[in-house]
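Below is one structure, written out as structure tokens; the observations come after it.
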Protein chains: 4
Amino acid sequence: MPIDDAKPLRADAARNRARIMAAAEQVFSERGPAASTEEVANRAGVAIGTVFRHFPTKADLLRAIMKDLLARLVSDVDDLRRGSEPGDALFAFFTNLVAHSARQKTVIDLLAAAGSELNVPDAVGTLERSVGGLLRAAQQAGTVRRDVGLAEVMALLVAVCQGAVQAGWPADLQTRTLAVVFAGLAPR
Amino acid sequence: MPIDDAKPLRADAARNRARIMAAAEQVFSERGPAASTEEVANRAGVAIGTVFRHFPTKADLLRAIMKDLLARLVSDVDDLRRGSEPGDALFAFFTNLVAHSARQKTVIDLLAAAGSELNVPDAVGTLERSVGGLLRAAQQAGTVRRDVGLAEVMALLVAVCQGAVQAGWPADLQTRTLAVVFAGLAPR
Amino acid sequence: MPIDDAKPLRADAARNRARIMAAAEQVFSERGPAASTEEVANRAGVAIGTVFRHFPTKADLLRAIMKDLLARLVSDVDDLRRGSEPGDALFAFFTNLVAHSARQKTVIDLLAAAGSELNVPDAVGTLERSVGGLLRAAQQAGTVRRDVGLAEVMALLVAVCQGAVQAGWPADLQTRTLAVVFAGLAPR
Amino acid sequence: MPIDDAKPLRADAARNRARIMAAAEQVFSERGPAASTEEVANRAGVAIGTVFRHFPTKADLLRAIMKDLLARLVSDVDDLRRGSEPGDALFAFFTNLVAHSARQKTVIDLLAAAGSELNVPDAVGTLERSVGGLLRAAQQAGTVRRDVGLAEVMALLVAVCQGAVQAGWPADLQTRTLAVVFAGLAPR
DNA sequence: AATGAATGAGAATTCATTCAT
DNA sequence: AATGAATGAATTCTCATTCAT
């Protein structure tokens with residue numbers, strides 16, 4: 001049961017599509033969303049036309065990256081729910097996401113801009129639902145206050161990630177900042 | 001005693017400079033830093049050449065806006081230190097900044113990008129020192145834990161503002177998110 | 001006795017060739033000669049490569065359409081010569097062609113451009129000879145002046161058709177315009 | 001009393017605008033409306049940006065040319081009404097337009113396309129009104145049948161011009177073709 | 001033979017910056 | 001000092017044509 005793509009791609013096309021997305025992730029992370037599609041093509045080792053064949057519009061490319069990254073996040077969440085104590089999973093996910101967001105400037109930027117320019121509603125919604133699961137579990141385990149809502153958790157998540165990414169916080173600053181947030185979430 | 005500008009400007013030149021900066025603040029807030037210099041000129045009611053006479057480069061203009069906004073923030077901090085209980089001033093500043101950042105997308109964006117692209121080190125340093133004052137005062141008043149550092153306070157400040165701005169948090173989400181942060185800063 | 005095509009085509013190849021030409025006629029009629037070959041392929045239900053296998057160049061495709069349409073016109077003329085009074089056949093052909101040219105924007109455009117860009121000399125020549133037959137018959141029947149030449153009849157034919165097509169003349173304007181032309185051709 | 005342009009242009013800008021329009025007229029006449037804006041710029045001796053500063057869109061440029069050429073036609077009509085017998089002016093205008101249309105492929109093409117892609121309604125309307133004047137005068141002078149309408153005269157005008165232009169009719173073919181049309185317009 | 005992905009040379013348009021007026 | 005026209009490099013996107021599958 002294919003989840004995403006209607007038409008199976010030819011082997012070479014699939015390879016190129018993947019290369020392009022990887023290149024785009026890199027390029028946009030390094031140079032921001034204003035980076036040129038041409039550079040993405042170069043980095044992917046294909047001609048510019050190939051990029052536009054796969055993603056008819058630059059915005060389509062950005063959307064595709066975002067969908068992909070969000071999907072990865074959701075699957076991270078699922079892994080965590082299986083592998084950790086329910087009370088810890090939210091904190092673990094939070095910490096992880098911040099730690100990796102350096103590599104994922106794009107996700108974060110796009111997450112932050114989610115409402116505005118690009119539209120990837122279901123993907124964002126899915127992530128939100130996943131995090132919601134973590135939050136409820138943590139609240140039932142008693143590691144997070146009952147009066148904290150999903151909205152503010154998501155807000156803090158995005159905000160801290162974006163801060164971490166854009167300002168390039170070193171590891172210890174990440175830790176100390178998260179300590180404050182976690183203390184704010186804890187009961188009492 | 002002019003601190004920054006070497007040459008006193010002719011009255012009309014000064015007026016134009018001010019108009020341009022005001023227009024630029026608006027335009028970049030609305031359209032992001034990719035907005036065109038031409039539009040800034042239009043909004044300011046001057047010709048494009050005039051903008052470039054005052055700010056030889058688009059980056060110079062952005063830097064100037066940032067310096068200006070940071071200076072305003074610093075003076076806000078000073079006002080607060082005089083007008084509120086020492087224990088509350090930090091929270092008040094924090095809340096204020098978040099609330100107003102909607103209008104100041106530019107500051108926040110620029111603050112966030114401070115380290116990277118533009119360089120306005122002294123301005124940022126000055127703000128950091130001011131906030132440091134608020135923090136120490138709050139810690140002495142016992143409203144903020146002693147083991148919280150200035151770095152993470154600044155980090156949270158920027159992160160939350162940026163989140164608020166870019167995602168357009170409604171007022172109640174701002175409140176609830178700040179509640180978590182403040183709880184995290186409070187002793188015990 | 002195949003006049004034009006050297007190699008007999010496999011059945012499926014012939015079918016594709018026909019489909020492509022039909023699609024091309026439609027597409028170029030609707031969108032003008034700037035329409036993309038890709039769209040022709042889509043409309044024909046074949047892949048783009050197939051179009052280029054049959055017509056190595058876009059110009060070749062246009063030429064082929066034109067040849068085909070001209071051939072149809074010639075056969076129309078022949079039908080008319082058999083089925084109408086000699087004195088009326090030219091007028092009937094003229095009227096018919098104008099009336100149908102809406103559907104045949106391509107022919108007309110190509111007929112008009114005949115001399116310039118594309119070269120389909122024999123096809124045009126053949127049509128001209130056919131119309132010449134109609135003209136002589138009409139002159140002998142006394143419905144057209146003797147001092148009118150084939151060149152100007154062809155010229156008027158093309159001109160009026162093109163006018164009708166490009167400006168989208170309604171039926172009554174076609175009628176009234178042709179009335180003037182026919183009056184001009186009539187003796188006295 | 002300025003008829004067309006709201007803002008007076010600087011001398012150099014006006015010079016460039018004129019050069020661009022002249023170049024565009026040439027280029028589009030030679031290569032059709034698909035010719036590149038870059039070539040217009042080259043021919044005009046300006047940079048590509050200058051063309052787009054004056055005409056923000058390629059379509060704007062085409063429209064401007066058309067307006068200009070139509071205006072010239074209208075003024076030709078006015079001149080003729082003053083300088084010839086009322087009964088002849090329509091024929092003279094017709095003949096002139098056809099003769100010059102070789103140089104004015106653009107006008108004709110645009111006139112023909114008037115309804116469809118570009119919109120220059122008032123300009124076309126003005127021409128139509130002018131020609132209407134010639135027609136009425138000719139009918140009153142008895143050189144044109146009373147039952148001929150303006151619509152078909154315009155239709156023939158456009159059609160014959162376009163034919164002449166696109167197929168490159170030599171002078172004698174023009175003459176002979178017009179002879180038929182004029183005979184069709186004459187009383188009896 | 002057919003497919004459809006890849007190529008890459010344009011084409012239109014934008015915009016920071018320069019410079020004549 | 002101000003004006004605003006000119007420049008031209010850069011960017012997004014299109015499309016005829018080629019070529020691996």
Side-chain angles (χ1 to χ4, degrees), chain A residues 7 9-17 20 34-41 45-61, chain B residues 9-17 34-42 45-61, chain C residues 9-14 16-17 34-42 45-61, chain D residues 7 9-17 34-41 45-61:
Chain A
K7 330 150 193 178
L9 292 176
R10 246 165 58 177
D12 54 348
R15 194 164 46 248
N16 275 341
R17 196 190 145 94
I20 291 168
S36 87
T37 311
E38 185 91 41
E39 183 163 356
V40 172
V46 302
I48 181 72
T50 303
V51 176
F52 278 94
R53 161 171 272 263
H54 284 281
F55 307 95
T57 277
K58 193 184 179 179
D60 288 330
L61 177 53
Chain B
L9 295 174
R10 257 167 49 175
D12 55 346
R15 195 164 47 246
N16 276 343
R17 196 190 146 94
S36 85
T37 313
E38 187 88 39
E39 183 164 355
V40 172
N42 290 342
V46 302
I48 182 71
T50 305
V51 175
F52 277 90
R53 164 168 279 266
H54 284 282
F55 307 93
T57 275
K58 193 184 182 180
D60 289 329
L61 175 55
Chain C
L9 293 175
R10 257 166 50 176
D12 55 346
N16 276 343
R17 196 189 146 94
S36 85
T37 313
E38 187 88 40
E39 184 165 354
V40 172
N42 289 342
V46 302
I48 181 72
T50 304
V51 175
F52 277 89
R53 164 168 279 267
H54 285 281
F55 307 93
T57 276
K58 194 183 180 180
D60 289 328
L61 176 54
Chain D
K7 330 148 193 181
L9 292 176
R10 246 166 55 177
D12 53 349
R15 194 164 46 246
N16 275 340
R17 196 191 146 94
S36 87
T37 312
E38 185 89 39
E39 182 163 358
V40 172
V46 302
I48 181 72
T50 302
V51 176
F52 278 93
R53 162 171 272 263
H54 285 282
F55 306 94
T57 278
K58 192 184 180 178
D60 288 330
L61 177 54

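Protein chains get the first letters and strands the later ones, always in sequence-line order, with residue 1 at the start of each. Quantities reported herein were computed from a predicted structural model and do not represent experimental measurements.
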Q) Taking only side-chain nitrogens and oxygens of Thr50(B), does any of them come within less than 4.0 Å of OP1 or OP2 of dT3(F)? A) yes

(Q) Is there a side-chain contact between Arg53(A) and the phosphate of dA6(E), meaning an N or O under 4.0 Å from OP1 or OP2? (A) no

Q: Check every strand shown and say whether Ala34(A) touches a base, only sugar-phosphate, or nothing at a heavy-atom separation below 4.0 Å.
A: nothing

Q. Can you list the residues that meet the side-chain hydrogen bond (donor to acceptor under 3.5 Å, both in side chains) rule with Asn42(B), with sequence neighbours excluded?
A. none

Q. OP1, OP2 of dA16(F) versus side-chain N and O of Thr37(C): anything below 4.0 Å?
A. yes

Q | Val46(A) to Val51(A) - nearest heavy-atom pair and separation | A | CG2-CG2, 4.0 Å

(Q) So, does Asn16(B) get its side chain near the phosphate of dA2(F), meaning an N or O under 4.0 Å from OP1 or OP2? (A) yes

Q: Check Lys58(A) against Phe52(A) and note the closest heavy-atom contact, atom names and distance.
A: N-CE2, 4.4 Å

Q | Nearest heavy atoms of Asn16(C) and His54(C), plus distance in Å | A | CB-NE2, 4.0 Å

(Q) dA6(E), OP1 or OP2 - any side-chain N/O from His54(A) closer than 4.0 Å? (A) yes

**Q.** CZ-CD1 distance between Arg15(A) and Ile20(A), expressed to the nearest 0.5 angstrom
**A.** 12.0 Å

Tabulate atom names and distances for all N/O pairs under 3.5 angstrom spanning the protein and nucleotides 19-21 of chain E.
none

Q) Given Watson-Crick or G-U pairs with both distances under 3.5 Å, what dot-bracket string fits DNA chain E, with | for other-strand pairs and [ ] for crossing? A) .||||||||||||||||||||

(Q) Within the 4.0 Å heavy-atom criterion, would you say Ala41(A) contacts the bases, only the backbone, or no part of the nucleic acid? (A) nothing

Q.
Starting the side chain at C-beta, find the nucleotide from dC13(F), dG4(E), dA2(E) nearest to Phe52(A).
A. dC13(F)

